[in-house]
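Chain identifiers are assigned alphabetically (A, B, ...) following the order of the sequence lines, protein sequences preceding nucleic acid strands; residue numbering begins at 1 within each chain.
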Number of protein chains: 2
Amino acid sequence: MDVGARLRAIRKLKGLSQRELAKRAGVTNSTISMIEKNSVSPSVSSLKKVLSGIPMPLVEFFSLDLEQGNPTQVVYKHEELIDLSSGQVEMKLVGKAHTNRMIAFLNEMYPPGADTGDDMLSHEGEEAGTVVSGRLELTVGLETYILEPGDSYYFDSTQPHRFRNPFEEPVRLISATTPANF
Amino acid sequence: MDVGARLRAIRKLKGLSQRELAKRAGVTNSTISMIEKNSVSPSVSSLKKVLSGIPMPLVEFFSLDLEQGNPTQVVYKHEELIDLSSGQVEMKLVGKAHTNRMIAFLNEMYPPGADTGDDMLSHEGEEAGTVVSGRLELTVGLETYILEPGDSYYFDSTQPHRFRNPFEEPVRLISATTPANF
DNA sequence: CAAGGGTGTTCGGAATTTTCAACAGCCGTG
DNA sequence: CACGGCTGTTGAAAATTCCGAACACCCTTG
């Protein structure tokens, strides 16, 4: 994590000089110079102060992807989706060529009787999805729901959850999870 | 942004004492004590050092949502999806009750002739989608693609992009964008 | 080319953070 | 209750960071 380079890149992206940013942020230009040269490691409070002149929250500063640019594959034909299936559940991942993806975007199919296992799932992030065909049983926390085609869900992945298909038709759904855990 | 409280919460979540974390991180327990009490504002490098004992990257430290817990709606019936339609394009958002969402999860429908406008779109983040029915023309950067049902896409939203339906059938797709810009 | 305004860098000293060591409290055990 | 082992907190000294003021460089302008 090259704090100096990040700050410099962001500052230039905004078209600010060291002095201009310093003035807006209420620090001296030398502070910014030294931070950018990595000759100091700023305190969180002073970095926050500096970023307030952009303005930009700390999260964004650390999460911003500066080395964007590798032109990867954009469109994935149906048969190109990468198969992550485990057990009976069919899961196909969109965007295999995309390194460091933020979204796990999946096309899923649960045959009759399939589920995500007896243990409830729980992990960092959020997830959403829409049922395309068939019916789905979704348990989140203590609640259990039945979703029909067109119905959707959205919840914190930290809440324990499980997907099941107790019906006689296979259920197809499209889902997104972030951050991507693949 | 209460750095001290965050660190304390995360440390306790991991079941570590100040001394234990200090040992793993290679700092002294007093450092951790003072950071947690907000009697100092740690330098980025030392905070990073402290977090290495968890371990946890800086991004996650700043983005972690500690005040999770508001039990919001999980399932959204088809008719409950919130309508964001603009012009001819029908866009329905999943998860209206979810405040501060990370994912914009949409059910979209482009009638014949519809598009996202003459200007190419460009914004922070990444997006993915799958065509459910109909055919879609997608332009990303200099390339234009035709997607059929089951075909999917994934790209950096910073690349200029446009969606069009030049065909005679409406096209339905399900998409996810992060960070959520709604 | 001299002057003025812009850029970023560097220096010494002031201010802040970190260490080291000691301290106070709590609990379970002998 | 004294003891060891744990918890977190708090001093003074050492280390690091920040400010204020200079410096060097590049333009443009007169």
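The closest side-chain heavy-atom distance from Asp115(A) to Asn165(A) is not below 4.5 Å.
Taking 4.0 angstrom as the limit, Arg19(B) places none of its side-chain polar atoms (N or O) nearer than this to OP1 or OP2 of dC20(C). Distances shorter than 4.0 Å separate some side-chain N or O of Arg11(A) from OP1 or OP2 on dG8(C).
Checked by atom type and distance alone, the side chain of Ser17(B) pairs as donor or acceptor with a backbone atom of Glu20(B) at under 3.5 Å. Counting only distance, with no hydrogens or angles, the side chain of Arg135(A) and the backbone of Phe167(A) share no donor-acceptor pair below 3.5 Å. At distances below 3.5 Å, at least one donor-acceptor pair connects side-chain atoms of Tyr154(A) with backbone N or O atoms of Ile103(B). Between the side chain of Arg6(A) and the main chain of Phe61(A), a donor-acceptor pair closer than 3.5 Å is present. Side chain of Ser41(A) to main chain of Ser45(B): a donor-acceptor pair is present (N/O by atom type, distance under 3.5 Å, no hydrogens or angles).
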Check against side chain to side chain contact (heavy atoms under 4.5 Å, CB included), Leu7(A) and Leu51(A): CA-CA 9 Å; Leu7(A) 178 58; Leu51(A) 292 178; 4.3 Å; yes
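The distance from atom CD of Glu20(A) to atom P of dG5(C) is 16 Å, rounded to the nearest whole Å. Between the CG atom of Leu7(A) and the C1' atom of dG8(C) there is a distance of 13 Å, given to the nearest Å. The CD-P distance, from Gln18(B) to dC26(C), rounds to 16 Å in whole Å.
The stretch residues 42-57 of chain A comes close to DNA chain D through Pro42(A), Ser43(A), Ser46(A), each having a heavy atom under 4.0 Å from the strand. Contacts between residues 28-37 of chain A and DNA chain D, defined by a heavy-atom separation below 4.0 Å, involve Thr28(A), Ser30(A), Thr31(A), Met34(A), listed by number.
Between the side chains of Asn38(A) and Asp2(A), at least one donor N or O lies within less than 3.5 Å of an accepting N or O.
Aromatic ring pairs are classed by plane angle as parallel below 30°, tilted from 30° to 60° and perpendicular above 60°; the pair Phe62(B) and Phe62(A) is parallel.
Taking the six-membered ring for Trp and the full ring otherwise, the centers of Phe105(A) and Tyr153(B) sit at least 6.0 Å from each other.
For Glu36(A) and Arg11(A), the salt-bridge test passes: some basic side-chain N is under 4.0 Å from an acidic carboxylate O.
Close approach of DNA chain D to chain B, defined as any atom under 4.0 Å from a non-hydrogen atom of the protein, starts and stops at dT7(D) to dT10(D).
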